[in-house]
K.L.:
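Take this structure, written in structure tokens, and hold onto it; I'll ask about it next.
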Amino acid sequence: MVDAARPADRLRAQHRSRAVSEIPYSYPWDTAASAVAEQWSSLEPGEESGAIVAVAGRIMLSRPQGKLAFAELRDSSGSVQLFCLAKVTEDFEAFTHLSLGDWVGATGEVVRTKRGELSVKVTSWQLLAEARRSFGDKWHGVSDVETRYRQREVDLWANEESRGRLLARSALIRNLRERLWGQGFIEVETPILNPIAGGAAARPFTTHHNALDATFYLRIAPELYLKRLVVGGFERVFEIGRLFRNEGISTRHNPEFTTVEAYIAYMDYLGLMELVEELVAGIVMDVCGTTTLSYQGQTIEMGAPWRRATMAELTSEAVGRPVDVHTDRAVLAELLIAAGGKAPDDSWGPGKLLAELFEATAEASIVQPTFVTDHPAETSPLARRHRDDPDLVERFETFVVGRELINGFSELTDPDDQRARFEEQAAAHEAGDDEAMLVDEEYLRALEHGLPPTAGVGIGIDRLAMLLVDAANIREVIAFPTLKPLPQG
RNA sequence: GCGCCUCUAGCUCAACGGCAGAGCAACGGACUCUUAAUCCGCAGGUUUCGGGUUCGAAUCCCGAGGGGCGCACCA
């Protein structure tokens, strides 16, 4: 648990506080720990390189030994040993009293010790920060989950795997950006404070702007704004950013989470599926070095192409009889009840029933990346109607290990149809569905200026990161996951 | 929101109705090639909090709080 300084920690601070007044404002380091290992790997035991380097980092282990002292210094690139001698090292006595966790800058010659450890033979060094609190057991690290999430700085200091997970996430986002830039996309930013929370079905967070005396909602999706930018003439746009949904927290859900949404003019959902599987497979290859992932004991093949099947096909397969959006309502409702799904509501049409039936039966059993396509129009108010069936839309969702990872479609460009769909949603909202959308007049006006045929997609970055690093819990790939605030006092 | 589990020193864990302990780190000391160094010494606790049962509670019971997992919610 988080706590004020306990006696042992206070003692530690008192003993060492004298040194803090001498902490410099900068340190002129010139060599990363990993660079020492790479450049002087051929030094023989006992050999001295003649090269003087300055390194900086955190003391992870300290082994003072009389007139000698060894310490492991870690920076963001790796670790290097510091080797001190009373005869050579300035302020040697103080060095032997360093604590685990202290930050130090050190200058000296690169040598390999008699016992074969590549080291910096320190001539001068400086304390850069003292660790007034210990991080815990140098062997076991910190495993308490609450400490790991609430005090991520401690987790990162103590646990190599935690550092690796966040680094992989960073590599993923960088790779994604570079790929999209390379394909002619421009990166944009759209409002997080929205007068209407649109673009998805979810309960929003509410806030208030004092000067305007207006209610705002934290965005639940950037979709509508991004399409307005396409209307404005940006033919390929994307945004990487945080979305906020006021719903339950689970191993797969954090109230604020990160997605990339991308819109491409002149493309439909068929072209988009190809773009998306190539994009994601490429990222996985670059970050992991392979497209074959091991996730929670299962082997996942992320290489393109991915399986494609319609929602009706997969649902039919799962329930053992053919069903689709034209199947009689009563039959679908009965199958849904039999499958133990959500209790059917009288207001639900066959589209909603089919979607629920899919979720209750087929969804969880999809392990390998699969494009589930051709959703009911009823549950997809922003997607364009299917060219072969007006009760369906041209949409896909990608599921991996039973989870929705990606959602995309041919965008609805017709303002009249969009208004009709909004009005259906608003009616449902009126009837008590607080996740249904409202009519967004600003968006409708934008469509009236002309949205060309466009395909759009959203990818859950956190969930993709979970796959890449084999994390069972979304909190492992979020630096500071949402937690219940601790009681005051 | 519901169910099950869990909370002991800075960290990792013992003690399971009978004196609250160990290892690590911290603090003091010895040691001229260490690798989780080794050795000697010292200190560190309202056992998450509040009630109750009992001669006696970290341990059993009730309540509160934090956390984990599952369910629900999440197209």
Side-chain angles (χ1 to χ4, degrees), chain A residues 1-16 45-46 60-72 79 81-88 92 96-97 99-101 111-119 121 131-151 154 157-158 200-203 220 245-255 257 311 342 348 351-356 358-359 363 372 375-376 378-383 395 397 403-404 407 425 428 433-437 472-473 475 483-489:
Chain A
M1 286 288 296
V2 181
D3 209 342
R6 292 291 181 98
D9 282 345
R10 279 204 300 272
L11 202 65
R12 186 176 182 173
Q14 279 165 7
H15 179 75
R16 292 140 35 74
M60 296 305 291
L61 290 171
S62 176
R63 294 181 287 273
Q65 191 186 324
K67 298 288 192 289
L68 297 179
F70 303 91
E72 181 186 333
S79 294
Q81 177 168 272
L82 301 181
F83 174 38
C84 297
L85 297 95
K87 284 188 294 190
V88 173
F92 176 82
T96 65
H97 287 96
S99 293
L100 304 194
V111 303
R112 193 179 288 280
T113 60
K114 290 178 197 166
R115 291 295 197 86
E117 186 75 25
L118 201 56
S119 309
K121 191 164 101 183
R132 292 190 182 185
R133 295 172 180 273
S134 61
F135 81 99
D137 191 300
K138 69 185 178 188
W139 184 240
H140 296 103
V142 176
S143 56
D144 179 71
V145 177
E146 186 174 1
T147 303
R148 291 188 46 241
Y149 293 158
R150 285 199 193 275
Q151 300 178 249
V154 172
W157 167 8
R203 272 191 286 273
I220 57 175
R245 296 188 181 177
N246 203 342
E247 279 152 5
I249 296 176
S250 79
T251 53
R252 280 146 295 221
H253 299 266
N254 198 62
F257 60 104
M311 181 179 280
K342 241 184 272 183
W348 295 0
K352 172 75 171 169
L353 287 166
L354 179 67
E356 291 291 343
F358 167 77
E359 274 187 49
E363 183 178 299
V372 178
H375 297 55
E378 185 180 343
T379 60
S380 310
L382 300 169
R395 177 179 175 186
E397 289 177 295
R403 295 170 199 165
E404 181 188 350
N407 179 28
Q425 287 284 308
D433 181 356
D434 55 2
E435 285 166 6
M437 296 179 196
N473 193 322
R475 289 174 163 178
L483 297 173
K484 196 159 185 169
L486 292 172
Q488 295 299 305

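Every value quoted in this text rests on a predicted model; they were computed, and no experiment measured them. To find a chain, count down the sequence lines: A is the first, B the second, and so on, and within it residues start at 1.
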K.L.:
Quick check: on RNA chain B, is the nucleotide nearest A:Leu382 upstream (toward 5') of the one nearest A:Leu483, or the reverse? Name the residue that is more 5'.
P.N.:
A:Leu483

K.L.:
Students often get this wrong, so: under 4.0 angstrom with heavy atoms, is A:Pro255 touching a base, only sugar-phosphate, or nothing?
P.N.:
nothing

K.L.:
List in chain and number order the residues that pass side-chain contact (heavy atoms from CB on, under 4.5 Å) with A:Arg112, two or more places apart in sequence or in another chain; answer none if no residue qualifies.
P.N.:
A:Leu43, A:Pro45, A:Leu118

K.L.:
Let me know the distance between CZ of A:Phe70 and C1' of B:rC33, rounded to the nearest Å.
P.N.:
4 Å

K.L.:
Using atom C1' in both nucleotides, what's the gap between B:rC16 and B:rG44 to the nearest angstrom?
P.N.:
24 Å

K.L.:
Could you check whether A:Ala201 gets within reach of a base, just the sugar-phosphate, or nothing at all, counting any heavy atom under 4.0 Å?
P.N.:
base

K.L.:
Could you tell me how far B:rG17 sits from B:rC7 if I compare only their P atoms? Round to whole Å.
P.N.:
15 Å

K.L.:
Counting N and O atoms only, with roles assigned by atom type, does the side chain of A:Ser380 sit under 3.5 Å from a partner on the main chain of A:Pro376, one being a donor and the other an acceptor?
P.N.:
yes

K.L.:
Which residues pass the salt bridge (Lys or Arg N to Asp or Glu O under 4.0 Å) test with A:Arg148, not counting sequence neighbours?
P.N.:
A:Asp155, A:Glu476

K.L.:
Heavy-atom nearest nucleotide on RNA chain B for A:Met437 versus A:Lys484: which residue maps closer to 5'?
P.N.:
A:Lys484

K.L.:
With respect to the side chain of A:Lys87, which nucleotide from B:rA26, B:rU32, B:rU12 is positioned closest?
P.N.:
B:rU32

K.L.:
Only counting residues at least two apart or in another chain, list the ones meeting side-chain contact (heavy atoms from CB on, under 4.5 Å) with A:Ser79.
P.N.:
A:Glu72, A:Arg74

K.L.:
Tell me every residue that passes side-chain contact (heavy atoms from CB on, under 4.5 Å) with A:Ala428, counting only those two or more places apart in sequence or in another chain.
P.N.:
A:Asp433, A:Ala436

K.L.:
If you check the A:Lys138 side chain, which of B:rA36, B:rA26, B:rC73 turns out closest?
P.N.:
B:rA36

K.L.:
Ignoring hydrogens and angles, are the base of B:rG23 and the side chain of A:Asp137 linked by a donor-acceptor pair under 3.5 Å?
P.N.:
yes

K.L.:
I'd like to know if the side chain of A:Glu397 and the backbone of A:Glu404 have a donor-acceptor N/O pair within less than 3.5 Å.
P.N.:
no

K.L.:
Dot-bracket, 5' to 3', for RNA chain B please: Watson-Crick or G-U pairs under 3.5 Å, [ ] where pairs cross earlier ones, | where the partner sits on another strand, dots elsewhere.
P.N.:
(((((((..((((....[..))))..((((.......))))......(((((..]....))))))))))))....

K.L.:
Under 4.0 Å between a side-chain N or O of A:Arg203 and OP1 or OP2 of B:rC73?
P.N.:
no

K.L.:
Only counting residues at least two apart or in another chain, list the ones meeting side-chain contact (heavy atoms from CB on, under 4.5 Å) with A:Lys67.
P.N.:
A:Ala86

K.L.:
P atom, B:rG63 versus B:rA22: distance in rounded Å?
P.N.:
36 Å

K.L.:
Between B:rG65 and B:rU48, how many Å separate the two C1' atoms, rounded to a whole number?
P.N.:
8 Å

K.L.:
Give, for atom NZ of A:Lys342 and atom CH2 of A:Trp348, the distance between the pair rounded to the nearest 0.5 Å.
P.N.:
5.5 Å

K.L.:
In whole Å, what separates the C1' atom of B:rG51 from that of B:rA57?
P.N.:
13 Å

K.L.:
When you measure from the side chain of A:Ser143, which nucleotide among B:rU12, B:rG67, B:rU35 comes out closest?
P.N.:
B:rU12

K.L.:
Out of B:rA37, B:rU12, B:rC73, which has the shortest distance to the side chain of A:Leu61?
P.N.:
B:rA37

K.L.:
Given the C1' atoms of B:rC49 and B:rC73, what is the spacing between them in whole Å?
P.N.:
31 Å

K.L.:
According to salt bridge (Lys or Arg N to Asp or Glu O under 4.0 Å), who are the partners of A:Arg245, at least two apart in sequence or on a separate chain?
P.N.:
none

K.L.:
Is A:His97 near enough to B:rG29 that one of its side-chain N or O atoms lies under 4.0 angstrom from OP1 or OP2?
P.N.:
yes

K.L.:
Is the phosphate of B:rC11 approached by A:Ser134 (side-chain N or O, under 4.0 Å from OP1 or OP2)?
P.N.:
no

K.L.:
Over how many whole Å does the gap from A:Arg112 atom CZ to B:rU35 atom P extend?
P.N.:
17 Å

K.L.:
What contact category does A:Gly141 fall into here, base, sugar-phosphate, or nothing, at under 4.0 angstrom with non-hydrogen atoms?
P.N.:
sugar-phosphate

K.L.:
Once you round to the nearest 0.5 Å, how far does CG of A:Leu353 lie from OG1 of A:Thr379?
P.N.:
11.0 Å

K.L.:
Between atom CZ in A:Arg63 and atom P in B:rC24, what is the gap in whole Å?
P.N.:
15 Å

K.L.:
Has A:Gln65 got a side-chain N or O lying under 4.0 Å from the OP1 or OP2 atom of B:rU38?
P.N.:
no

K.L.:
So what does A:Pro64 touch, heavy atoms closer than 4.0 Å: a base, only the sugar-phosphate, or nothing?
P.N.:
base

K.L.:
Under the salt bridge (Lys or Arg N to Asp or Glu O under 4.0 Å) rule, collect the residues that match up with A:Arg203, sequence neighbours excluded.
P.N.:
A:Asp434, A:Glu435

K.L.:
Between B:rC11 and B:rA25, how far apart are the P atoms? Round to whole Å, please.
P.N.:
15 Å

K.L.:
Anything under 3.5 Å between a protein N or O and an N or O of nucleotides 69-72 of chain B, put it in a table, one pair a line.
P.N.:
from   : atom 1 : to       : atom 2 : distance (Å)
B:rC69 : OP1    : A:Asn473 : ND2    : 2.6

K.L.:
Tell me which nucleotide among B:rA26, B:rU32, B:rC73 gets nearest to the side chain of A:Leu85.
P.N.:
B:rU32

K.L.:
Mind checking A:Lys67 for me? I need base, sugar-phosphate or nothing, with any heavy atom below 4.0 Å counting as a touch.
P.N.:
base

K.L.:
Which value, in whole Å, describes the distance between the P atoms of nucleotides B:rU6 and B:rG21?
P.N.:
24 Å

